[in-house]
Protein chains: 2
Amino acid sequence: MRRIAPDRDSLLAILAEVFREHGYEGASLSLIGEATGLGKGSLYHFFPGGKEEMAAAVIAHIDGWFETNVFAPLQDIDDPRAGIERMLEATDRYFRSGRRVCLIGAFALDDARDLFAKAIKSYFGRWVAHLAEALTRTGHSPARADELAEETVCAIQGALTLGRAFDDTAVFSRALQRARAALG
Amino acid sequence: MRRIAPDRDSLLAILAEVFREHGYEGASLSLIGEATGLGKGSLYHFFPGGKEEMAAAVIAHIDGWFETNVFAPLQDIDDPRAGIERMLEATDRYFRSGRRVCLIGAFALDDARDLFAKAIKSYFGRWVAHLAEALTRTGHSPARADELAEETVCAIQGALTLGRAFDDTAVFSRALQRARAALG
DNA sequence: GGAACATTGTACCTAACGGTACAATGAGGT
DNA sequence: ACCTCATTGTACCGTTAGGTACAATGTTCC
């Protein structure tokens, strides 16, 4: 039928929302069908590998967004401080100031971890590594930069968890503010 | 039959492990039965409310452990510094130096959150509040104490997530070490 | 118009889900 | 010995899970 060209990007965005909201196991095909308005026929047409391929595509999509919006600014050779600031802004934008949860982080905790271990590891690994590199460029020692980078990503992930637990976005805002102070 | 009096504590410990490993949705009754060696008959005898009651019991059990081993030391009026140190040691013990993940944190992220929202909120709320009170007793201003307490619990949760993602317990150890330095 | 192809709804499959019913078992107290 | 009752295994329930098959529908391009 192909009534409207089904925009793959917004399809992946909806899928991501469902996985974020219900976890990997909790995101049933009927939930996904309901959220996307697509029947199983279409779903399996776009993702022959089923749920696992959907989740993998969503992870790749998020990974791509972070690569361009979060990790790339950190690789700015000339102005590492500005790069760090842009990283923090992109992070705030992505997590909608704490209204959103980190899918990759959530997957890291439940049993989706085994399926996507490599991607999860790589995502967090690049975040920490690129931030650490930027921090060495601002004058920190490599060891201190590593420490600070890991601490920052931990703080962000932890704030997302606590913010969700408290149902309070201020937790995330405060964490970002602290990160800004510690890094800047 | 009642062959061996089934120790409720160790039963809850096994249940907790299954929930930790697979999440709420992922922990199927057959997995639980396999892990505990109990059939559905026994399981529903001990927990007539089914899976939801099992998870609730596990949460209550963990909550109790934290209450006595983590939160109580923080309420030591005379020596708040020692209380904080005991809190950190108990935390390290509970999470087995990072080999274990926080069930309550994991539940906060997936769709078990809706079922157990109150308990989750209360657990993290007491942790932050008691730590903040201890910090005011060591001389920090109430505002600074709140900030530091929230930062610390965020750091712990984040480190558990990252540690799991990297499959590396050192992340958690480093986070605890940093917390010790920041608080002590 | 018709061929080729992308897209979809429907029907269906088997396995597993959470949960229930209940009879059988055996230990503890008397 | 006997009654009571906690505990258990087994069989079963309806529902939903993820997944497959396929015919029908358009759309695009020649």
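In what follows, every chain begins at residue 1, and chains take the letters A, B, ... in the order their sequences are listed.
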Give the rounded distance in Å between these two atoms: [atom1] of [X] and [atom2] of [N].
X	N	atom1	atom2	answer
A:L43	C:dA6	CG	P	18 Å
B:F47	C:dG18	CZ	P	15 Å
B:F46	C:dG19	CZ	P	17 Å
A:E53	D:dG18	CD	C1'	14 Å
A:M54	D:dG19	CE	P	8 Å
B:L29	D:dT15	CG	P	18 Å
A:K51	D:dA17	NZ	P	9 Å
A:K40	C:dC12	NZ	P	14 Å

Check: Is the NZ or CZ atom of B:R100 both under 6.0 Å from the centre of the six-membered ring of B:Y94 and within 45° of that ring's axis?
Finding: yes
Notebook entry, point to check: Do the ring planes of B:F116 and B:F107 sit parallel (below 30°), tilted (30 to 60°) or perpendicular (above 60°)?
Noted result: parallel
Margin query: I want to verify a distance call: between C:dT8, D:dT8, D:dG19, whose nearest atom is closest to the A:S42 side chain?
Written below: C:dT8
Notebook entry, point to check: Which of the following nucleotides, C:dA6, D:dG9, C:dT20, is nearest to the side chain of A:H45?
Noted result: C:dA6
Note to self: Check this one for me: any side-chain N or O of A:S28 less than 4.0 Å away from OP1 or OP2 of D:dA17?
What the structure shows: yes
Next item on the list: Determine, using the 4.5 Å side-chain heavy-atom cutoff (strictly less than), whether A:L135 and A:F66 are members of one ILVMFWY cluster.
Entry: yes
Check: Are the charged groups of B:D76 and B:R137 less than 4.0 angstrom apart, N to O?
Finding: no
